[in-house]
> 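What follows is a structure written as structure tokens; I'll ask about it next.
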Amino acid sequence: MVSDKVENALNKQIGFEAASSQYYLAMASWADTEGLTGVAEFLYRQSDEERMHMLKLIKYVNERGGQALIPALKEQPQKFKSIHFVFEEVLKHEVFVSKEINNMVEICLKEKDYTTHNFLQWYVSEQIEEEAMARKVLDKLKLVGDDKGGMYLFDRDLPSIAVNTASSGKE
Ligand code: OFO
């Protein structure tokens, strides 16, 4: 059974995961319309992953005797000013989510909820990977700068870079 404090924190996190999924979906769709197929593929996948993170939390809250709250969908931006901006936003967002997850871990310790603490360790590692990934993509984008040919290659290679990074578990 989760305490009220832990349940509230988990429900807040469900909202953040849902918001991440929607935000990345908006970015993916925008990239698609800009002809950046690789970037779109990468971001569609990120969006799906965030939805999976949300579902995992929903199921956990319900399993532990709480009640998962399904958040409302907020309207998302239709346009983004550049691809650099998109990935800066991704990094900023992931850093924010990591902080929130750490807060939740602290709440679990205070509440002596070691089961939820253990459950959250998966999210802690996931955030390390996602922040590292966003930094790696931003570094590559810095190398590309305004070079159109470089952008073509970046877009072409991004989905495979992302898959390799995820499966090797390192930066
Ligand atoms: Fe849900 O992993 Fe990032 O935000």
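Numbers here simply count residues along the sequence, with the first being 1. When a ligand or atom number is given, it counts from 1 through the structure's own listing order.
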> Any idea which residues sit under 4.0 Å from ligand 1, heavy-atom distances?
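Residue list for ligand 1: Glu17, Ser20, Glu50, His53, Glu94, Val97, Gln127, Glu130.
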> Looking at Arg135 and Glu131, does any basic side-chain N land under 4.0 Å from a carboxylate oxygen?
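Yes.
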> If you define the side chain from C-beta out and look only at heavy atoms, does anything of Tyr23 sit under 4.5 Å from Glu50?
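No - every pair of side-chain heavy atoms lies 4.5 Å or more apart.
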> Please output the side-chain donor-acceptor pairs of residues 33-42 that fall under 3.5 Å, not counting sequence neighbours, one pair per line with the distance.
{"unit_1": "Thr33", "atom_1": "OG1", "unit_2": "Trp30", "atom_2": "O", "d": "2.6"}

> List, by chain and number, the other hydrophobic cluster members for Val61, where Ile, Leu, Val, Met, Phe, Trp and Tyr join if side-chain heavy atoms come within less than 4.5 Å, directly or indirectly.
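Val2, Val6, Leu10, Ile14, Phe16, Met52, Met54, Leu57, Ile58, Tyr60, Ile70, Phe96, Val97, Ile101, Met104, Val105, Ile107, Phe119, Leu120, Trp122, Tyr123, Val124, all in the cluster of Val61.
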> Quick check against the 3.5 Å criterion: does Arg64 have a side-chain atom that pairs as donor or acceptor with the backbone of Glu7?
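Between the backbone of Glu7 and the side chain of Arg64 there is no qualifying donor-acceptor contact (under 3.5 Å).
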> If you group Ile, Leu, Val, Met, Phe, Trp and Tyr whenever their side-chain heavy atoms sit less than 4.5 Å apart, what else falls in with Tyr44?
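Leu25, listed by chain and number.
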